[in-house]
Amino acid sequence: MSGTVFVTGGAGYVGSHCCKAFHQAGWNVVTYDNLSRGWRDLVRWGELIEGDILDEARLASAMADVKPDAVAHFAALAYVGESVDDPGLYYRNNTLGSMAILDAMKTAGVDKLIFSSTCATYGVPDRMPMTEDTPQSPINPYGWSKLFVEKILDDYGHAHGIRSVKLRYFNAAGADANGETGERHEPETHLIPLALQGQLRDGFGLTIFGDDFDTRDGTCVRDYVHVTDLADAHARALDYLRGGGGSEVFNLGTGTGTTVMEIVEAVARVTGRPVQHTIGPRREGDPPALVAGADKAREMLGWQPRHSDIDTIISTAWGWHQKEANSGR
Ligand code: UDP
């Protein structure tokens, strides 16, 4: 047994895959989630405490009861468009919610934290691939809500000795290979699940947001990383902190970019039928290309993406969405 990890947002997409990885690494896993965007049936590795991170009394008592060795903090809102329409919601949940976690950790004497950050903190970078020291200048409240937490973590580290690993995800995709958890968003806005769900429904057409970018085929380039690889990086980050490692930040991506059109072709290849699609206008705020420089995670955590080739990402996600459709979702 490696100790106990307190996982906020463990009922969500990335959180649930990480719970599985922590469990497999020997951690006792306790999920704390208000189920506003997470799912009870995805909490399969350890107990669930239902609670909101903004409910400071409940959070403090849960942490005092559990007495975790470390916290992995996933509970957050993650729709860019929603953050533009309702920034207060994002600063409250993502920024103040993270402060509530830190204060509860301080009170309970917990000194190790893994924090889900995002490549959205970089904004529209002027160089590619983006390394951890690429200047951060978010272009939406979601990115700012996470960047503020990165700064707060540094300050809590200096003042209170809380060591943290910030993990900046690129495009999380794919699903658990055994179908035990996967991506379930309502509403769904992401490219790969939308394209796959369209294959299961008649009359659904995917809209490609722009084909006039300065990229190899005119559609946007993103760095898709399998959620199981992300989960492995989190387990390694916990080990790093347990071994006495100091606060660090890592990009989690593959270093390889894939265009929207290449995803559409891969979905057709994996599912065995063409993807109905039309070309629409650009979506506001979409940078042409986002590709990670991820050498640091390889060097310091020994992390190597093993499931992140596009066909593995899409075939595992396809298995999950078929299962979801068969269960009536
Ligand atoms: N995209 C698209 N049509 C959709 C959804 C997404 O063309 O219905 C594109 C989007 O413009 C971006 C890429 O797919 O270039 C990945 O978008 P997603 O929302 O999955 O992730 P993001 O990069 O916004 O985090």
Side-chain angles (χ1 to χ4, degrees), residues 12-14 37 74 76-85 90 94 116-125 128-130 136 138-147 167-175 182-201 203-227 230 251-254 256-268 275-292 308 310 313-314 316-318 320-321:
Y13 173 43
V14 179
R37 308 222 170 164
F74 300 94
L77 306 179
Y79 290 114
V80 167
E82 184 181 55
S83 81
V84 174
D85 294 340
Y90 276 67
N94 296 0
S116 304
S117 191
T118 166
C119 66
T121 59
Y122 293 114
V124 184
M128 208 64 63
M130 297 135 79
Q136 290 170 286
I139 55 169
N140 51 58
Y142 168 63
W144 279 111
S145 75
K146 291 282 187 173
L147 182 54
L167 298 173
R168 295 185 189 140
Y169 311 156
F170 282 66
N171 284 58
E183 187 164 15
R184 196 190 290 156
H185 292 127
E186 278 181 19
E188 188 51 80
T189 62
H190 294 104
L191 175 64
I192 293 174
L194 277 178
L196 289 171
Q197 287 167 1
Q199 299 298 77
L200 294 164
R201 268 184 264 147
F204 176 87
L206 182 75
T207 302
I208 292 179
F209 298 143
D211 69 348
D212 57 351
F213 291 93
D214 183 17
T215 61
R216 55 182 172 267
D217 62 18
T219 63
C220 285
V221 171
R222 293 288 180 273
D223 186 340
Y224 297 89
V225 54
H226 198 292
V227 65
L230 287 184
N251 283 343
L252 295 181
T254 66
T256 301
T258 305
T259 68
V260 175
M261 200 52 92
E262 288 161 355
I263 294 287
V264 166
E265 285 158 8
V267 168
V275 176
Q276 302 302 322
H277 64 272
T278 52
I279 307 294
R282 293 183 180 194
R283 182 172 67 177
E284 196 184 342
D286 263 343
L290 294 172
V291 179
S308 293
I310 289 301
I313 284 177
I314 290 175
T316 54
W318 179 229
W320 170 254
H321 289 294

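Whatever order the structure lists them in is the order used to number ligands and atoms, beginning at 1. Just so you know, these numbers use all the heavy atoms, side chains as well, and skip hydrogens, waters and symmetry mates. The first residue of the sequence shown is numbered 1, and numbering continues consecutively from there. Note that the coordinates shown come from a computational prediction; the quantities given were computed from them, not determined experimentally.
In this structure, R184 and W320 have side chains that are in contact, with non-hydrogen atoms separated by less than 4.5 Å. At a threshold of 4.5 Å between non-hydrogen side-chain atoms, the residues D223 and S308 do not count as touching.
Every residue two or more places apart in sequence or in another chain was checked for a ring pair (Phe, Tyr, Trp, His ring centres under 6.0 Å) with H321, and none qualifies. For S83, there are no side-chain hydrogen bond (donor to acceptor under 3.5 Å, both in side chains) partners, not counting sequence neighbours. Applying the side chain to side chain contact (heavy atoms under 4.5 Å, CB included) test to V221 and every residue at least two apart in sequence or in another chain returns T215, T259, A289, V291.
Within 4.0 Å of ligand 1, counting heavy atoms only, the contacting residues are N171, T189, H190, L191, L194, L206, T207, I208, F209, C220, R222, Y224, V260, R283, D286.
The closest side-chain donor-acceptor pair between E82 and Y90 falls under 3.5 angstrom.
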